Structures are given as C-alpha cells and as structure tokens.
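The next block holds one structure in the form of structure tokens; read it before the comments.
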Amino acid sequence: MQQYGIDIWGDENFIIHHDKVCINYKSRPSLYEIVQQIRSEGHRGPLLLRFPHLIEKQIREIYTHFARASKELSYHGAFRAVFPLKVNQYPHFVKALLEAGAPWHYGLEAGSKAELLIAMAYADTKAPMTVNGFKDKEMITMGFLAAKLGHDITLTIEGINELEAIIQVAKEEKGPLPSIGLRVRLHSLGVGLWAKSGGINSKFGLSSTELITALKLLKEHDLLERFTMIHFHIGSQISDIGPLKKALREVGNLYAELIKIGATHLQTINLGGGLAVEYSQNSDMHQRNYSLREYANDIVFMLQTIAKDKKVKEPNIMIEAGRFIAASHAVLVAPVFELFSEEYHHSSLSLKTSNPPLIDELNELYQHINLTNALEYLHDAIDHLNSLLTLFDLGYIDLIDRSNAEVLVHLIIKKATYLLKEKNLKEIMHIQEGIQEKYLINFSIFQSLPDFWGLGQNFPIMPLSKLDEKPTRSASLWDITCDSDGEIDFSLKNPLFLHSLDVDNEDYFLGFFLVGAYQEILGMRHNLFAHPTEVTVTIDEEGYRLSNMVESQTIIDILDDLDYDPNDITRRIKKLIEQADITESKETLFDRIAFYMEQNGYLKTIHQESK
Ligand code: PLP
C-alpha cells in the first residue's frame with residue numbers, strides 16, 4: 001500500500017483506513033465521505049476544509065512544551081505567544097484560533113492597520129498583542145487607542161523614525177500607554193526560502209548604534225519604563241536549528257547589555273516566527289531537522305545560560321509562530337476533472353497486411369512480453385521506436401506506421417510497468433517520467449498553492465481513496481488556469497504516483513495538505529478563479545458537523561470586486577439580446593446567461609451539469 005509519506009508529514013493527524021484517508025480524531029471520518037456529503041448539497045469545484053481541533057492541538061503543544069522545558073530547567077521567565085495574522089486572516093480561522101487559545105491567553109500579532117483592527121476587535125484583553133512592520137503616525141495612534149481599549153499591546157519599533165513618531169504621539173495621548181519593543185538587527189542569518197528577514201542587511205530592525213540612540217531617546221522622553229521587549233525574526237520555516245541557536249546567543253547578549261546600559265524595564269525577548277513545518281513526503285527530503293521539544297529546550301536553555309553568565313534576570317520568552325500553528329488545520333480537496341494521457345488501446349492499432357519489419361517486431365514483443373523478458377523487451381521497444389521515428393523523418397514509413405509504432409510501444413510500456421510493478425526499478429521510474437499521465441485538477445495553483453508557484457514549496461499531495469490499490473501512473477498535475485505555470489510536474493526526486501481511473505464513472509479527489517498557512521491570503525485570482533468553497537469540520541465521538549460554509553464567489557461577484565458594474569453587464573447583455581436575430585425566447589436566453597453569472601467559475605463535468 002502506498003502511504004504518500006503520511007508518517008513523515010502527517011503528525012498523526014491523518015491515517016489510512018481500508019482504502020481511504022481518515023482524520024485521526026474521535027470518530028475518525030474519512031475525508032472522502034466529508035467531501036461527498038458537501039458535494040451532495042450541490043457544491044462543486046475545489047473545497048477548503050478547516051479542522052479546528054488541529055488548531056487547538058498546535059497551540060496546546062507549544063504551550064505544553066515551553067511549560068515542560070521551563071519546569072525541567074527551573075526557568076523563571078514567563079512564556080507568552082501571539083499568532084501573526086499575516087499567516088491567515090480569514091475569520092473562520094481566526095475565530096477558531098482565538099477560541100482554542102483562550103485558556104492560555106494566546107494573543108495576536110498585527111503587521112498592518114487592517115490586521116491591527118482585527119486584533120483590536122477580536123483579541124482577548126488578557127492576552128499580549130504585538131504590532132510589527134513599518135508604521136506611520138496613524139498606525140502608531142491606533143496602537144495607543146488599542147491600549148485605551150484595555151489591550152496589552154507592544155508596538156515594535158523598526159527604525160528610529162518610528163520611535164520619534166511614538167514619542168510625539170505619547171505627548172498627545174493620555175494613558176494608558178502601549179509598551180514599546182525594539183526590533184534588533186542581528187548579524188545571524190536564517191536559512192531556507194524565507195531567510196531574508198535576518199542578517200545585518202535585513203529590511204528590518206535597529207543596529208547596535210541605533211539601539212543606543214533609541215535608549216537615550218526613551219530616557220530623555222520619560223518612556224524608559226514603557227520599553228519592555230526586544231524582538232527579532234530570522235525568517236520563516238527555519239529548517240535547521242543551528243542558525244536559530246546562533247541568533248539566540250546574539251539576542252541574549254543584546255538583552256543583557258541593554259539592561260546594563262539602563263533598559264530598566266526590559267523583560268521580554270520576542271523570537272518572532274520561523275518554527276518549521278515538515279512538508280516532505282519523502283524521507284530523503286526532510287524540511288526541518290528538529291522537533292518542538294528540541295526547539296523549546298534550546299530556547300529556554302540558551303537564554304537561561306546567558307542570563308546566568310551576564311547576571312541579569314531570566315527574560316520572559318515570547319514567540320510569534322504562525323506557520324506551525326496554522327498549516328495543518330486546512331486541507332484543500334480538488335477533484336480530478338479529466339485525464340490527458342497518452343493512453344492507447346489495442347483498438348487504436350491499424351496494422352496493415354504488410355508492415356515495415358520493425359513494426360512487425362514490435363507487435364511480436366507486445367504479444368510475447370512476460371515477467372522474465374519484460375525489461376529486455378522494453379529496451380528493444382524503445383530502441384525500435386527511435387529507429388521508426390528516424391525512418392519517418394526520412395520518408396520511409398507513413399503516418400499510419402508511425403501511429404502503430406506509438407501505440408505498440410505504449411502498450412509494451414504499460415504491460416512491462418504492470419509486470420515489474422513490485423520491483424521498484426529505477427529504470428521503470430525513468431520511463432514513467434517520460435510518459436506521465438496528465439491529471440487535470442479542478443483548482444487553480446495560483447489561487448490555492450501560491451507558494452508552489454512562487455517559491456517551489458512542495459505540499460503533501462495524496463488521493464483520498466483507492467489507497468488499497470497500488471498507484472502505477474506517474475502523475476503530473478495540471479490546474480484549470482490557462483497558464484503553463486499552473487502545473488505540478490512529475491519529478492523523480494519527489495515522485496507522485498496516482499491511480500488509473502475512469503473519470504466519467506468514478507470520483508477521484510486529491511488532497512493537498514498543510515495549506516493553512518499563507519496560501520489563502522497570498523492566493524491570487526489569476527484567470528478570475530476565486531477562493532474555493534470553505535467549510536469548517538468539527539469532529540466528535542459520534543461523527544462530524546459541517547459549519548461556516550463560505551461558497552466560492554460567483555462570477556458576477558468577482559467582476560463586481562474588480563469594479564465592473566453588474567447592472568452595466570446586465571444592461572449590455574440585454575441590449576445584445578434585443579438586437580439578436582434568434583428564434584428562441586429572448587427571456588429564456590437572458591435567464592440562461594444570468595444562471596451562469598451566478599455560478600462560481602470552477603468547472604463542472606457534463607455529468608454534473610445535467611444533475
Ligand atoms: N513574526 C514576524 C515578524 C514575521 O515577519 C513572520 C513571518 O514572516 C512571523 C512572525 C511568522 O513566521 P512563521 O509563519 O514562519 O512562524
């Protein structure tokens with residue numbers, strides 16, 4: 001049985017039961033049955049399923065591991081955490097996150113005015129709130145207003161100009177005032193695709209000289225007691241713990257030195273995000289080399305050691321892990337819409353009474369291939385095909401011969417692959433790479449997996465059913481956009497094998513896992529494909545419940561968002577109908593067009609359309 005690496009990336013959240021992938025929680029429903037239930041209510045196209053229990057699990061794991069590490073090392077600093085809204089701002093995610101985080105007073109981080117407004121309206125006032133990123137005076141004022149609402153908010157300063165703006169606003173506003181954090185620019189670099197946030201040339205943070213200037217300014221303006229936190233972030237998806245440890249050493253020393261030169265109220269080190277997710281389906285391609293246990297242990301141990309050496313109080317620890325919290329909660333499910341295979345049947349052969357000798361030989365190979373000779377016959381067949389193609393170029397064989405050669409060689413490859421399927425031969429894999437099955441998937445990579453398109457980030461992919469059958473087709477996936485970049489190629493390094501299927505008579509869905517972080521908000525409406533229909537799935541001992549359904553936008557809604565006037569579109573269509581020289585009822589024609597305007601833009605099979 002093919003496991004699709006579920007034991008590597010699945011974190012025991014999913015299991016294979018019989019031929020289906022199931023959610024490993026309480027009543028353990030299969031993804032396939034959930035999807036079929038939603039589709040039975042008439043919803044088509046891709047679906048985004050949210051699982052709130054997986055959000056709760058990640059939050060609980062983080063708090064539990066830091067509590068354990070602190071207890072084991074008798075660490076005196078507190079542990080606090082916030083969720084960076086940039087990772088997923090969608091309301092049905094954020095509300096579930098805040099509900100799950102309430103027992104721990106899990107907070108929010110905002111990086112823009114809009115995110116700050118979400119945080120002001122929804123966050124728990126007992127939880128911490130941090131504001132990062134570039135800020136103007138207006139955004140800083142919003143932060144002051146959040147403090148008046150009772151939020152425990154820290155504005156992190158990215159540059160001296162921002163501090164000057166804070167000093168100005170502090171003069172204008174009465175208390176309570178927000179706390180102030182300083183983002184430090186470390187020379188330690190991150191690793192991986194998202195490493196640019198660290199290092200001496202990074203876009204964010206204050207150099208040592210600027211830190212000293214900032215401290216002087218805070219003292220001068222009587223704001224020293226508001227300065228409580230230093231912050232850094234060396235990049236998202238830190239795959240190697242080494243660079244993080246190096247950064248911790250640097251920031252621990254900066255913390256101690258700042259206290260020594262007068263930062264009397266500095267008490268917290270905010271480590272930003274970066275806690276990595278294992279996306280790999282393949283044990284040779286791990287995407288992180290540490291566990292949450294190791295991450296928590298290293299942070300607590302390192303900061304404790306530095307505090308002891310430098311004789312300062314152990315700092316409170318804050319983290320802003322986003323990807324780690326959000327990635328696992330969402331699964332994108334997309335139906336296979338069509339196959340574009342070089343799939344030839346025996347019936348396509350049109351052998352003549354007299355064929356070129358090489359065609360006759362191919363036919364012989366096809367008739368007599370068996371387990372013992374399969375590899376040898378396969379080699380011969382490929383050789384013959386090359387010779388026959390050259391003969392065609394030179395004008396010695398005709399189009400019918402060429403077609404017969406194609407069909408016979410594909411039939412031989414298919415038979416050989418079947419005969420040799422248990423042997424996992426590298427060579428067969430190579431051959432399969434050349435004759436992939438193209439699966440047309442009813443989704444948009446640009447909308448639903450933008451990090452695959454932009455950064456080559458792989459997400460685990462597996463079919464939701466047929467898992468008791470060995471998948472033999474080397475698959476490349478095409479999305480339904482008219483863009484050649486909308487494709488996930490078959491690769492020998494990270495091969496995806498799927499099943500043979502009859503798309504007209506069976507449903508076959510692919511699950512794209514760990515898509516809950518960044519993908520939704522970075523997704524773009526290339527070709528005007530909108531966010532998929534989303535549903536929250538709550539699982540209990542008896543079964544599961546579907547809620548918070550947000551249907552994929554209708555075509556007319558998407559155009560409205562682009563500032564087309566729906567009334568103008570209707571007017572124009574009606575005018576054309578008026579002028580049209582047709583025999584059918586003009587009213588019916590309009591109703592038929594209006595029907596399409598109210599559908600979402602994803603595809604329907606002929607069989608679905610007639611339902
Ligand atoms: N904090 C800051 C300042 C960030 O810039 C980011 C992301 O880039 C995060 C936290 C979240 O990082 P991650 O999702 O890798 O945990």
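Since the model is a prediction, treat every value here as computed from it, not as a measurement. In listed order, ligands and their atoms are each counted from 1.
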### Query
When the ring centroid of His53 is compared with that of Tyr25, is the distance short of 6.0 Å?
yes

### Summary
Candidates Glu109, Arg323, Glu320; heavy atom nearest atom 1 (N) of ligand 1 found on Glu320

### Query
Can you list the ligand 1 atoms lying under 4.0 Å from a non-hydrogen atom of Lys86?
2 (C), 4 (C), 5 (O), 6 (C), 7 (C)

### Task
Heavy-atom distances under 4.0 Å are what count here, so tell me which part of Pro84 touches ligand 1: side chain, backbone, both or neither.
side chain

### Task
Assert yes or no for the condition that the ring centre distance of Phe529 to Phe446 is strictly below 6.0 Å.
no

### Query
Just which atoms of ligand 1 are under 4.0 Å from any heavy atom in Asn132?
3 (C)

### Task
Output yes when a side-chain donor or acceptor of Glu278 lies under 3.5 Å from a complementary backbone atom of Gln287, and no otherwise.
yes

### Message
Give the atom numbers and elements of ligand 1 that come within less than 4.0 Å of a heavy atom of Gly322.
### Response
13 (P), 14 (O), 16 (O)

### Query
Heavy atom under 4.0 Å from ligand 1: found in Tyr518's side chain, backbone, both, or neither?
side chain

### Message
Below 4.0 Å, non-hydrogen atoms only: which portion of His231 touches ligand 1? Side chain, backbone, both or neither.
### Response
side chain

### Query
Gln237 heavy atoms, cut-off 4.0 Å: which ligand 1 atoms fall inside?
15 (O)

### Short N or O distance, Arg183 and ligand 1, threshold 3.5 Å exclusive
no

### Task
Report yes or no: do Asn132 and Glu109 form a side-chain donor-acceptor pair below 3.5 Å?
yes

### is_close_aromatic(Phe227, His265), centroid dist under 6.0 Å
no

### Charged N-O contact under 4.0 Å between Glu172 and Lys137
yes

### Message
Are Phe301 and Tyr75 an aromatic pair, judged by ring center distance below 6.0 Å?
### Response
no

### Query
So, for Phe513 and Phe14, is the gap between ring centers shorter than 6.0 Å?
yes

### Summary
Quick note on ligand 1: atoms under 4.0 Å from a heavy atom of Ala321 include exactly 16 (O)

### Query
Judging by distance only, is a nitrogen or oxygen of Gly235 under 3.5 angstrom from one on ligand 1?
no

